[in-house]
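Take a look at the structure below.
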Amino acid sequence: MDVIKHLEWRYATKKFDKTNKLSASKLMVLKEAFNLTATSFGLQTINMLVVESADLRKLLLPHTYNQPQIVDASHLLVICIKETIEDDDVNDYFDNIKDVRNTSETILNPYRQNLIKTMKKMTQKEQQQWSLNQAYIALGNLMTVCAIEQIDSCPMEGFVPEKYDEVLNLKEKGLKSVLLLPVGYRAKDDMFADFKKVRKKVKETVFEL
Ligand SMILES: Cc1cc2nc3c(=O)[nH]c(=O)nc-3n(C[C@H](O)[C@H](O)[C@H](O)COP(=O)(O)O)c2cc1C
């Protein structure tokens, strides 16, 4: 299949096959894809929770406007952002560069100090909005990877993040939930699978100058 065929194959899955679970290797592809997502400066102020527990997902259902995808899918991916970006986040990042690329502190230090300053200038709200932008990139990346891997998924904003944070104890991890992606395999009788894609014409969304 070429990539456009894969993207036409994917759709926001409404009914998952409860009995069809993702293999550990497929799940690993999604974890790696999330981690490989490009982020601004490379700072990675986002995290992903893989929720398999049926009990936890049952608790989350009423906080998802009872959308059944989150319980029927093989796994529920919850994309989170850091509540605040600390000096340590920036320091850990530059320490990692130092380890991986063997770059000297003399070269890195001006960039390190500059990024610490940039992060400090932002309010907590601005930091969260900035991280949220990265979270959407991760969502798009995961959706495309799912399509290529023939994994079904449903991007979701329709949930109550504060309730998710409570149920999943995210505050103690310094995280806030922002987006969901249930993943698994479509049920044979999901009527949405046969619906034609509704999109504008390419010439209406893409302009060539
Ligand atoms: C950011 C985002 C949030 C969405 N939230 C929900 C949701 O809460 N529940 C749902 O069933 N679909 C949700 N959708 C799915 C969209 O309705 C769907 O992607 C769109 O109608 C295009 O259809 P397609 O993905 O099947 O091609 C969301 C999609 C995006 C990109």
Side-chain angles (χ1 to χ4, degrees), residues 1-18 20 22 26 29-30 33-34 36-40 45-51 54 56-82 125 128-168 170 175-206:
M1 264 205 242
D2 68 37
V3 77
I4 297 302
K5 285 267 173 286
H6 282 291
L7 292 176
E8 281 166 349
W9 172 87
R10 72 144 294 281
Y11 72 106
T13 306
K14 306 289 176 189
K15 194 169 178 190
F16 283 87
D17 176 352
K18 291 180 198 175
N20 206 350
L22 287 187
K26 287 277 187 195
V29 171
L30 299 184
F34 175 80
L36 281 167
T37 296
T39 58
S40 185
T45 56
I46 53 175
N47 288 83
M48 183 171 86
L49 251 69
V50 180
V51 186
L56 270 179
R57 289 195 271 163
K58 227 181 270 166
L59 288 177
L60 293 170
L61 188 59
H63 309 310
T64 323
Y65 307 104
N66 291 315
Q67 297 183 81
Q69 297 95 310
I70 69 136
V71 284
D72 293 345
S74 168
H75 293 76
L76 172 63
L77 308 183
V78 181
I79 301 178
C80 304
I81 56 167
K82 279 186 174 283
K125 216 169 163 197
Q128 289 180 3
Q129 179 57 49
W130 183 78
S131 293
L132 182 62
N133 297 341
Q134 327 299 316
Y136 277 92
I137 298 173
L139 180 76
N141 194 27
L142 283 169
M143 288 167 64
T144 303
V145 170
C146 279
I148 291 165
E149 290 287 319
Q150 303 275 281
I151 296 169
D152 287 299
S153 70
C154 183
M156 293 172 75
E157 284 175 320
F159 70 109
V160 185
E162 297 75 21
K163 293 287 182 194
Y164 265 62
D165 298 353
E166 263 174 50
V167 173
L168 300 172
L170 293 181
L175 298 176
K176 283 166 90 72
S177 57
V178 290
L179 289 164
L180 307 179
L181 191 71
V183 290
Y185 298 100
R186 62 189 71 175
K188 283 198 178 66
D189 61 345
D190 185 4
M191 61 178 187
F192 285 86
D194 300 322
F195 287 180
K196 279 194 162 169
K197 276 243 172 284
V198 178
R199 292 293 192 269
K200 292 179 180 179
K201 294 194 171 26
V202 172
K203 65 175 194 243
E204 291 177 273
T205 58
V206 180

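Quick caveat, the model's predicted, so the values are computed rather than measured. Start at 1 and go down the list; that is how both ligands and their atoms are numbered. Heads up: numbering here begins at 1 and tracks the sequence.
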Per [atom], closest listed option by heavy atom ([options]):
{"atom": "atom 3 (C) of ligand 1", "options": "E157, K197, R199, Q67", "answer": "E157"}
{"atom": "atom 13 (C) of ligand 1", "options": "G140, P155, A12, C154", "answer": "P155"}
{"atom": "atom 8 (O) of ligand 1", "options": "P182, G158, P68", "answer": "G158"}

key: atom 25 (O) of ligand 1: nearest protein contact (heavy atom, Å)   =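 Residue, atom and distance for the closest contact: R10 NH2, 2.7 Å.
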Quick check: does any side chain N or O of [X] sit under 3.5 Å from a backbone N or O of [Y], one acting as donor and the other as acceptor?
{"X": "D152", "Y": "F16", "answer": "no"}
{"X": "S177", "Y": "Y164", "answer": "no"}
{"X": "Q134", "Y": "S40", "answer": "yes"}
{"X": "H6", "Y": "A147", "answer": "yes"}

request  = Please verify whether a non-hydrogen atom of M143 lies at under 4.0 Å from ligand 1.
outcome  = no
query = Right, does atom 17 (O) of ligand 1 have protein non-hydrogen atoms nearer than 4.0 Å?
reply =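 Answer no: nothing from the protein, no heavy atom, is under 4.0 Å.
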query = Heavy atoms of the protein only: does one fall short of 4.0 Å from atom 21 (O) of ligand 1?
reply = no
Geometric N/O contact K14 with ligand 1, under 3.5 angstrom = yes
query = Step by step, would you call T13 with Y185 a side chain to side chain donor-acceptor pair (under 3.5 Å)?
reply = CA-CA 9 Å; T13 306; Y185 298 100; over 6 Å; no
Atoms in ligand 1 with a heavy atom of Q69 nearer than 4.0 Å = 11 (O)
task = Check each atom of ligand 1 against the heavy atoms of Y11 and keep those under 4.0 Å away; list them by number with element.
result = 26 (O)
task = Inspect the surroundings of NZ in K163 and state if more than 12 heavy atoms from other residues, nucleotides or ligands are less than 6.0 Å away.
result = no
query = Taking everything shown except K197 itself, do over 12 heavy atoms lie less than 6.0 Å from its NZ?
reply =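 Yes, the 6.0 Å shell around NZ holds more than 12 heavy atoms from other groups.
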